[in-house]
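By convention in this document, chain letters (A, B, ...) are assigned in the order of the sequence lines, proteins followed by strands, and residues within each chain are numbered from 1.
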Protein chains: 2
Amino acid sequence: MTLTINEAATTTGWSPRMLRYVEQLGLVEPTRSAAGYRLYGPAQLQRLRTLKALLETHDVELGDVGFALRLRQEPELATALDDWFETTPAAPVGVPEGDWLAFEQDKQQHLLNR
Amino acid sequence: MTLTINEAATTTGWSPRMLRYVEQLGLVEPTRSAAGYRLYGPAQLQRLRTLKALLETHDVELGDVGFALRLRQEPELATALDDWFETTPAAPVGVPEGDWLAFEQDKQQHLLNR
DNA sequence: GCATCCCTGACATCTGCGTGTTAGGGTGGG
DNA sequence: CCCACCCTAACACGCAGATGTCAGGGATGC
């Protein structure tokens, strides 16, 4: 129940070249035979098909999915981004401007040094 | 307490061109004067500085941050990616192979049509 | 044992991003 | 009223991503 790279390519619609590229991005990693041949099982094939559909339906690129993977593998990067986005674009009500700015600067400083 | 684009550029280390680009990505959006001049307040200046630091310390590109923004603005894209990553790379134990694959295919189908 | 597949690595192309620069036309403070 | 600044739009260009293709060297199956 495992396909070799060319077979996997024809049944998933990817090119063999792209299958190697997708693997290199860490998105779909087939097992290897004793001789080093890539072997794609049903799970990998399904992942490849849904990945293709995902790219098309949401207008996303492989690199973007790769970045999403990075976000899952580097939590500190994810939280850094969370914190940056969470920084309110306008000063919250009830806080004097100067105080608030000082607070934000201090916050960002600590976040970056973490 | 608001700076014009060239002033903002010199105090943040970005070039004016890049400030317009960052704005175009939706990452830091200054207010506008009556005549259309960009006006950067303390909050925006701070965001610009921390953004720069974020890029450098985490080896991220502006496009990546833009993609992270997309993830926040398009929750369906975020969940689609969540679901794709969550798909187990190997069949769970105790489930017959055929059943599991059919289940996964059905799941992905529904996810994509959502 | 020979045709056919696989592997890795490298070069070629096309496209898009990041960034600068320039042109043509308003704005604004002294 | 001028000069320095701002705006948008466009072209330029180097670099990286996405993808094909080819070369040299194994594996495999009939």
Side-chain angles (χ1 to χ4, degrees), chain A residues 1-41 44-45 47-71 81 84, chain B residues 1-41 44-45 47-71 81 84:
Chain A
M1 273 310 299
T2 64
L3 302 190
T4 174
I5 194 172
N6 261 309
E7 299 163 338
T10 52
T11 67
T12 60
W14 294 92
S15 70
R17 178 66 166 86
M18 287 319 308
L19 289 189
R20 299 198 183 94
Y21 188 58
V22 167
E23 178 185 7
Q24 180 183 317
L25 293 181
L27 298 180
V28 176
E29 302 181 321
T31 59
R32 297 294 188 119
S33 79
Y37 286 20
R38 273 165 259 257
L39 298 178
Y40 292 84
Q44 280 84 38
L45 295 174
R47 254 172 109 67
L48 285 172
R49 295 199 193 93
T50 56
L51 176 58
K52 199 176 185 52
L54 183 66
L55 297 193
E56 288 162 1
T57 56
H58 288 85
D59 188 34
V60 176
E61 312 202 348
L62 275 179
D64 295 332
V65 185
F67 182 67
L69 176 62
R70 256 193 90 185
L71 287 182
L81 279 168
W84 190 81
Chain B
M1 272 309 298
T2 64
L3 303 189
T4 175
I5 193 172
N6 261 309
E7 299 163 339
T10 51
T11 67
T12 61
W14 293 93
S15 70
R17 177 69 166 84
M18 284 290 100
L19 290 189
R20 299 198 182 95
Y21 188 59
V22 167
E23 178 185 8
Q24 179 183 316
L25 293 181
L27 298 180
V28 176
E29 303 181 319
T31 59
R32 297 293 189 117
S33 78
Y37 285 21
R38 274 164 258 255
L39 298 178
Y40 292 85
Q44 280 84 38
L45 295 175
R47 254 172 107 67
L48 285 173
R49 295 199 192 93
T50 56
L51 176 59
K52 201 177 185 52
L54 183 66
L55 298 192
E56 287 163 1
T57 55
H58 288 85
D59 188 33
V60 176
E61 312 200 350
L62 274 180
D64 295 332
V65 185
F67 182 68
L69 176 61
R70 259 193 87 186
L71 288 181
L81 277 168
W84 188 81

Item checked: Residue of the set Thr12(B), Val28(B), Leu27(B), Val22(B) for which side chain to side chain contact (heavy atoms under 4.5 Å, CB included) holds with Arg47(B) -> Val28(B)
Checklist line | Which nucleotide in dC5(C), dT19(C), dC5(D) has an atom nearest any side-chain atom of Thr4(A) | finding: dC5(C)
Note to self: Given dT19(C), dG20(D), dT8(D), identify the nucleotide with an atom nearest to the side chain of Arg32(B).
What the structure shows: dT8(D)
Note to self: Taking Gly41(B)'s backbone N and O only, do any of them form a donor-acceptor pair with Gln44(B)'s side chain (distance below 3.5 Å, no angle check)?
What the structure shows: yes
Item checked: Polar pair under 3.5 Å, donor/acceptor by atom type, side chain Tyr37(A), base dG26(D) -> yes
Notebook entry, point to check: Should Leu51(B) and Leu62(B) be marked as a side chain to side chain contact (heavy atoms under 4.5 Å, CB included) after you check the CA-CA gap, both sets of side-chain angles, and the distance that decides it?
Noted result: CA-CA 9 Å; Leu51(B) 176 59; Leu62(B) 274 180; 4.1 Å; yes
Margin query: Rounded to whole Å, please give me the gap between CG in Leu62(B) and C1' in dG17(D).
Written below: 17 Å
Next item on the list: Report yes if at least one side-chain N or O of Arg38(A) is closer than 4.0 Å to OP1 or OP2 of dC7(C); otherwise report no.
Entry: yes
Next item on the list: Whole angstrom is fine here: how far is it from CD in Glu23(A) over to P in dC7(C)?
Entry: 8 Å
Check: Separation of Glu61(A) atom CD from dC17(C) atom P, in whole Å?
Finding: 7 Å
Next item on the list: Nearest whole angstrom, please: distance from the P of dC5(D) to the CZ of Arg20(B).
Entry: 13 Å
Checklist line | Ser33(B) vs Asp64(B), nearer the 5' end of DNA chain C by closest nucleotide | finding: Asp64(B)
Margin query: Expressed as a whole number of angstroms, how long is the span from Phe67(B):CZ to dG17(D):P?
Written below: 16 Å
Notebook entry, point to check: Quick one: on DNA chain D, does Arg17(A) or Glu7(B) contact a more 5' nucleotide (nearest heavy atom)?
Noted result: Glu7(B)
Next item on the list: Please report, rounded to the nearest Å, how far the C1' atom of dG17(D) is from the CG atom of Leu55(A).
Entry: 14 Å
Notebook entry, point to check: Roughly how many Å is it from OH in Tyr21(A) to P in dA12(C), rounded to a whole number?
Noted result: 19 Å
Next item on the list: Write down the distance between CE (Met18(A)) and C1' (dG20(D)), rounded to a whole number of angstrom.
Entry: 10 Å
Item checked: Along DNA chain D (nearest heavy atom to each residue), the more 5'-positioned of Leu25(A) and Ala35(A) -> Leu25(A)
Next item on the list: Kindly say whether Met18(A) contributes a backbone atom to a donor-acceptor pair with the side chain of Ser15(A) at under 3.5 angstrom?
Entry: yes
Check: Where the side chain of Trp14(A) meets the backbone of Leu48(A), is there a donor-acceptor pair that is under 3.5 Å apart?
Finding: yes
